[in-house]
Amino acid sequence: MDKVKLVEMGPRDGLQNEPAQVPTAVKIELVQQLAECGLTHIEVASFVSPKWVPQMADGSEVLTGLSRKQGVVYSALTPNLKGLEAALAAGADEVAVFTAASERFCQKNINCSVAESMARFEPVLQLARERGVRVRGYVSTVLGCPYEGDIAPAAVARVAGELYRLGCDEISLGDTIGTGTPNKAIAMLSAVRQEVPLLRLAAHFHDTYGQALANLYAVLEQGLRIIDSSVAGLGGCPYARRASGNVASEDVVYLLHGLGLNTGVDLDRLVNTGRWISRQLGRENGSKTGRAWNS
Ligand SMILES: CC(C)(COP(=O)([O-])OP(=O)([O-])OC[C@H]1O[C@@H](n2cnc3c(N)ncnc32)[C@H](O)[C@@H]1OP(=O)([O-])[O-])[C@@H](O)C(=O)NCCC(=O)NCCSC(=O)C[C@@](C)(O)CC(=O)[O-]
């Protein structure tokens with residue numbers, strides 16, 4: 001059966017905007033439950049400035065506190081060398097750099113231009129390579145920017161291509177504010193795949209306008225096979241009011257299994273994990289499958 005790689009975002013993208021500080025022990029328990037569901041790639045932390053993202057300040061404690069499951073890749077965001085060094089010291093298996101297709105979003109998010117971000121990433125990629133650590137590259141705002149509106153597919157392709165040539169092993173394409181629709185997603189992917197091999201590309205779609213599953217189906221039809229998602233649809237975006245989280249992992253797994261695609265994920269357990277973390281955070285479960293599933 002054709003296989004899709006799922007990259008679980010809940011502990012990082014999902015929790016980074018939570019208004020109340022989530023206890024480290026809850027973060028660790030979430031990651032461990034996700035691993036027990038069969039998820040093999042889990043983004044667990046960010047090594048960014050705690051002034052910018054206080055919720056992620058305990059990244060080292062989360063990584064070092066895990067009882068690791070064999071075969072699971074525990075990854076972290078590292079915007080610069082300082083972040084990479086801290087992530088490596090805490091035992092991250094994989095790291096990720098992040099920039100954007102739009103200048104204004106890049107400035108707001110990481111306080112530099114897109115060109116400056118690439119210059120920052122060079123030494124990050126070099127050190128990661130020396131340590132034998134895989135690096136993912138994120139491009140935000142690939143289907144729309146809260147400040148610049150529509151983004152040309154060529155602009156996304158340019159940034160994705162640059163990250164790939166810098167040495168990123170995989171490029172994740174972020175519809176940060178969830179404004180994309182299927183035809184736009186296909187046009188964007190068609191441009192990007194001229195620069196980066198299709199099987200190195202991930203779809204990272206937020207569900208603000210309820211389009212994420214439709215967009216995912218469209219890019220799956222084009223042959224893309226890596227999907228980022230967040231248990232219970234956790235998350236939001238600090239720079240886009242009312243933006244919702246990544247597409248819910250439970251909904252993606254339900255879709256993929258229905259399409260006959262293999263994920264290796266136990267949906268019963270994933271639904272229970274989504275219900276558990278929603279209770280912990282005192283928020284409504286953002287997964288429709290999670291709400292409807294009888295387990
Ligand atoms: C990138 C920086 C650090 C630049 O921040 P800066 O202020 O330009 O950097 P700086 O080098 O001038 O440093 C300023 C202060 O930050 C500290 N600092 C500097 N680097 C680090 C570090 N790695 N870890 C800890 N501390 C750090 C540094 O030590 C200094 O501390 P001070 O002297 O003022 O006490 C900052 O802008 C930042 O942290 N931004 C947060 C970005 C972020 O986490 N955004 C959310 C994640 S991205 C995302 O969600 C999108 C994605 C990936 O999911 C895809 C999508 O959906 O689109």
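Just follow the structure's listing: the first ligand is 1, and inside any ligand the first atom is 1.
Remark: ligand 1 atoms within the under-4.0 Å shell around heavy atoms of His204 are 54 (O), 55 (C), 56 (C), 57 (O).
Between the side chains of His206 and Thr176, no donor-acceptor pair is found at a separation under 3.5 Å.
The proximity of Asn246 to ligand 1, defined as any non-hydrogen pair under 4.0 Å, does not occur for either the backbone or the side chain. Neither the backbone nor the side chain of Thr78 comes within 4.0 Å of ligand 1, counting heavy atoms alone. Residue contacts with ligand 1, taken as heavy atom pairs separated by less than 4.0 Å, involve Gln16 solely via side-chain atoms from C-beta onward. Contacts between Val53 and ligand 1, counted as non-hydrogen atom pairs separated by less than 4.0 Å, involve the side chain only. With a 4.0 Å heavy-atom cut-off, ligand 1 is reached by the backbone of Phe47 but not by any atom from C-beta on.
Phe105 and Tyr147 have tilted rings, their planes meeting at an angle from 30° to 60° on a 0 to 90° scale.
Note: the hydrophobic cluster containing Leu88 also contains Phe98 (ILVMFWY, side chain heavy atoms under 4.5 Å, direct or indirect links).
Between Asp228 and Arg136 there is a salt bridge, since at least one side-chain N of the basic residue sits less than 4.0 Å from a carboxylate O of the acidic one.
Residue Lys82 holds the heavy atom nearest to atom 26 (N) of ligand 1 of all those in Gln55, Lys82, Glu116, Arg12. Between the choices Gly236, Gly174, Ser140, Ala101, the shortest heavy-atom distance to atom 58 (O) of ligand 1 belongs to Ser140.
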